[in-house]
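Side chains included, hydrogens not; waters and symmetry mates left out as well; all remaining heavy atoms used.
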Amino acid sequence: MQVSASLREQHEKHKATRAILFQAPVAIETKQAIEIRALKAEATNLRSEIEQREAEIRQLKMDLADRNARVLDQAHKLCQLMRIEESDEEPRDIRPVKDIVDEVLRDYPDVTWAQIISVRRTRDLIGPRHRCYFEVYKQRPDLSFPAIGRYFKRDHTSILSGVKKFRTGEERE
């Protein structure tokens, strides 16, 4: 069977058309797709930049709060010193904390400074420890609770609690 040349030519064009129609689509990026991809990349970069700045802001807020607390602590100390200066009493000698504690520990011969600042919470140490807190607080009005806490290796709330307990007499025999 012989096929005419025009039929053969038509058949070849048909095959070429079918190949174009039924082959996998070629990925052609349009301007819009390129812009979308660029915008997504920019959004990702902006998100990470925002997260970094938020972390910096959090850190700055913490630093500011710390500085404010320090300023308030210094103002408190200055007010206490001004009250001492304005009072009619004779000015007290500012005794070292170690001397105050040594004086208190004379009443407790079995207790040492090392035991006072230790982490032990036995009954025989709590009374002398709280009395030391109280005496330092009473004799050194220039020291804040955090400052006293640093001497005793304690948090300021522990010092506050010990002073209150000693004042109310919970520890006294």
Mind checking the [atom1]-[atom2] spacing from [X] to [Y]? Nearest 0.5 Å is all I need.
X	Y	atom1	atom2	value
Arg53	Arg58	CZ	CZ	14.5 Å
His130	Ser161	NE2	OG	6.0 Å
Leu125	Arg120	CG	CZ	5.0 Å
Arg67	Leu72	CZ	CG	14.0 Å
Glu35	Gln32	CD	CD	7.5 Å
Gln10	Ser4	CD	OG	8.5 Å

Exercise. Taking it one step at a time, do His156 and Leu160 satisfy side chain to side chain contact (heavy atoms under 4.5 Å, CB included)?
Worked result: CA-CA 6 Å; His156 71 281; Leu160 179 64; 5.8 Å; no

Exercise. Ignoring hydrogens and geometry, is there a side-chain-to-backbone donor-acceptor pair from Arg95 to Gln139 under 3.5 Å?
Worked result: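 Not a single qualifying donor-acceptor pair exists.
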
Exercise. Any sub-3.5 Å donor-acceptor pair from Thr17's side-chain atoms to Lys13's backbone N or O?
Worked result: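 The answer is yes, because a donor-acceptor pair under 3.5 Å joins these two groups.
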
Exercise. Side chain to side chain contact (heavy atoms under 4.5 Å, CB included) between Ile94 and Arg140: does it pass, once the steps are laid out?
Worked result: CA-CA 7 Å; Ile94 297 180; Arg140 291 290 303 270; 3.1 Å; yes

For this session: Answer yes or no: is there an ion pair linking Asp102 with Arg106, defined by an N-O contact shorter than 4.0 Å?
Result: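 Result for this pair is no, no salt bridge flagged.
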
Exercise. In the single-linkage hydrophobic clustering (I, L, V, M, F, W, Y; side-chain heavy atoms under 4.5 Å), do Trp113 and Ile148 co-cluster?
Worked result: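 Yes, one cluster joins them.
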
Exercise. For the rings on Tyr133 and Phe152, is their centre-to-centre separation under 6.0 Å?
Worked result: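 Yes, close enough.
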
For this session: For this output row, return yes or no: ring centroids of Tyr137 and Phe145 closer than 6.0 angstrom.
Result: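 Ring-ring flag for Tyr137/Phe145: true, centres closer than 6.0 Å.
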
For this session: Given side chain to side chain contact (heavy atoms under 4.5 Å, CB included), test Glu135 with Val101 step by step and report yes or no.
Result: CA-CA 8 Å; Glu135 290 298 328; Val101 172; over 6 Å; no

Exercise. Is atom CD of Glu12 surrounded by more than 12 heavy atoms (other residues, nucleotides or ligands) closer than 6.0 Å?
Worked result: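 Yes - once you tally the heavy atoms of other residues, nucleotides and ligands closer than 6.0 Å, there are more than 12.
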
Exercise. Quick check: are there more than 12 heavy atoms from other residues, nucleotides or ligands sitting under 6.0 Å from NZ of Lys98?
Worked result: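 It does: Lys98 NZ has more than 12 such atoms within range.
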
For this session: Check side chain to side chain donor-acceptor pair (under 3.5 Å) between Ser158 and all other residues, then give those that pass, not counting sequence neighbours.
Result: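 Ser158 satisfies side chain to side chain donor-acceptor pair (under 3.5 Å) with no other residue.
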
Exercise. For Gln59 and Asp63, does a side-chain donor sit closer than 3.5 Å to a side-chain acceptor?
Worked result: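 Indeed, the side chains of Gln59 and Asp63 share at least one donor-acceptor pair under 3.5 Å.
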
Closest contact, heavy atoms only, [X] versus [Y]:
X	Y	result
Ile159	Gly149	CG1-CA, 3.6 Å
Leu105	Thr112	CD1-C, 3.9 Å
Arg129	Ile116	NE-O, 2.8 Å
Val111	Pro128	CG2-CG, 4.1 Å

For this session: Using the side chain to side chain contact (heavy atoms under 4.5 Å, CB included) rule, take Thr122 and Ile126 through it: C-alpha gap first, then chi angles, then the decisive distance, then the call.
Result: CA-CA 6 Å; Thr122 57; Ile126 292 174; over 6 Å; no

For this session: State, with a plain yes or no, whether a side-chain heavy atom of Lys138 is found less than 4.5 Å away from one of Val163.
Result: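 Counting from C-beta outward, Lys138 and Val163 never come under 4.5 Å.
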
